[in-house]
Amino acid sequence: MHKDMVHHEVFFAYYCVLLMICSWITFFFIETMRDNIHMRDEIYRSEKLSVLGELAATIAHEIRNPITVSKGFLQLLKSRTQNETDLKYSILALEEIDRAEAIISEYLMYAKPQAEKVEKIDVKAHLSNVISITEPYITSKGHIVDSQLDDLYVYADSKKLTQVMINLIKNAAEAIEKNGEITIHAFAQNNHAVIEIMDTGIGMNEEQLLRLGYPFYSTKSKGTGLGLMVSYRIIEALGGTIRVQSKQGIGTKFSILIPMCMDVDVKQ
């Protein structure tokens, strides 16, 4: 009787160990499959956007020339016209041309996101400057901004990093309907500088999250999606990534991860 109990206990112990091993193997395979699917999607996305970037550069250069000529003639007509109606139409036409030129510039930026001047950047000082630039816009919408910034350093193009931050902060402000808050954190994690931009806006669903960063997709009624697309490309060119978490009715968090400065020389 005693031997039977011992055999049962040994068998049960082996069974538990085997079950744990099988569970671990199953979990490992599931995670591996998820990683492979994510990697495949990222490769597909990168290839697709790379082709689009080359096409965008070609089209943008070809369109910019006739637009420049048209703008010049409109400015000439505007300076000569005495009719108020014609003057009004000339101003509207010039404003639309300026908007078209801005979109073309974003296309060109997307096609060539590489940093032109890489330098060691004090993230805390850089973000403080960006916040001082964007705060009037945020407060004009009735929102407040709070920041918690650690001392961090990265190698990047200052102007392009500023472009990314302003774009994301501006998007955060526009995602909040009224009396909201934007929180900006900067801290170190796993040899990366992490910059988080959180808002208390309307948030996004899963479908919207999956489409972020693609051209011509925007959650804003008048958005082109190019600003966020360019932001993704700039951060990717720095060897970093952008991650997004969002819940409808609660808000959105953009996390920018950039390799930290490790005190090595950078080839410019």
Is it the case that T183 and D146 place a side-chain donor and acceptor less than 3.5 Å from each other? no

L161 versus A156, closest heavy-atom pair with distance: CD2-CB, 4.4 Å

Do H126 and T162 pair up side chain to side chain, a donor and an acceptor below 3.5 Å, judged on atom types alone? yes

Tell me whether Q248 at atom CD has more than 12 heavy atoms from other residues, nucleotides or ligands lying less than 6.0 Å away. yes

Apply side chain to side chain contact (heavy atoms under 4.5 Å, CB included) to the pair H185 and I195, showing each step before the final yes or no. CA-CA 6 Å; H185 290 170; I195 302 169; over 6 Å; no

Under 3.5 Å, side chain of H192 to main-chain N/O of N190, donor-acceptor pair present? yes

Path from I176 to I144 over hydrophobic side-chain contacts below 4.5 Å: no

Any chain of hydrophobic side-chain contacts (each under 4.5 Å) joining I133 to I182? yes

Closest non-hydrogen contact found for S147 with I131 is CB-CD1, 3.7 Å

Smallest heavy-atom separation, I197 atom then A172 atom, equals CG2-CB, 4.3 Å

Once rounded to the nearest 0.5 Å, what's the spacing between atom CD1 of I184 and atom CD1 of I169? 3.5 Å

Treating H143 as the side-chain partner and A173 as the backbone partner, does any N or O pair qualify as donor plus acceptor under 3.5 Å? yes

hydrophobic_cluster_shared for L127 and Y137, side chain cutoff 4.5 Å: no

Looking at G180, is its backbone amide N or carbonyl O close enough to the side chain of T200 to form a donor-acceptor pair, meaning the two atoms are under 3.5 Å apart? no

Do L149 and I258 land in one hydrophobic cluster if side-chain heavy atoms of ILVMFWY residues count as linked below 4.5 Å? yes

Show your working on side chain to side chain contact (heavy atoms under 4.5 Å, CB included) between Q163 and I234 and close with a plain yes or no. CA-CA 9 Å; Q163 179 187 355; I234 290 173; 3.7 Å; yes

Test side chain to side chain contact (heavy atoms under 4.5 Å, CB included) applied to T139 and E135, step by step: CA-CA 6 Å; T139 54; E135 194 165 13; 4.1 Å; yes

For the hydrophobic clusters of this structure (ILVMFWY residues joined by side-chain heavy atoms under 4.5 Å, transitively), does one cluster hold both V130 and M198? no

Please say which of N191, I235, V194 ends up in a side-chain contact (heavy atoms from CB on, under 4.5 Å) with L257. V194

With rounding to the nearest 0.5 angstrom, report the OG to CD distance, S246 to E206. 9.0 Å

May I ask you to say whether K88 pairs ionically with E84, meaning some side-chain N is under 4.0 Å from a carboxylate O? no

Do V154 and K120 come close enough that some side-chain heavy atom pair is under 4.5 Å? no

Atom CE in M20, atom CD1 in I25: separation rounded to 0.5 Å? 12.0 Å

Decide yes or no for Q75 and L94: does some side-chain heavy atom of the first lie under 4.5 Å from some side-chain heavy atom of the second? yes

Spatial distance of atom OH (Y89) from atom CG (N83) [nearest 0.5 Å]: 9.5 Å

Find the distance between CE (M260) and OH (Y153) and round it off to the nearest 0.5 Å. 10.0 Å

Got a second to check how far Q148's CD is from F187's CZ, nearest 0.5 Å? 10.5 Å

Side chains of K124 and D150, heavy atoms from C-beta outward: is any pair under 4.5 Å? no

Provide the closest heavy-atom pair for L228 versus F254 in the form atom of the first, atom of the second, distance. CD1-CE2, 3.9 Å

So that I can tick it off, tell me whether K71 and D98 are bridged by a salt bridge, with the cut-off set at under 4.0 angstrom between side-chain N and carboxylate O. yes

For M204 and V244, work out which heavy atoms get closest and say how close. CE-CG1, 4.1 Å

Give the intermediate values and the outcome of side chain to side chain contact (heavy atoms under 4.5 Å, CB included) for residues S158 and I121. CA-CA 7 Å; S158 179; I121 293 177; 4.0 Å; yes

Considering all heavy atoms, the nearest Y155-L238 contact: O-CD2, 4.0 Å

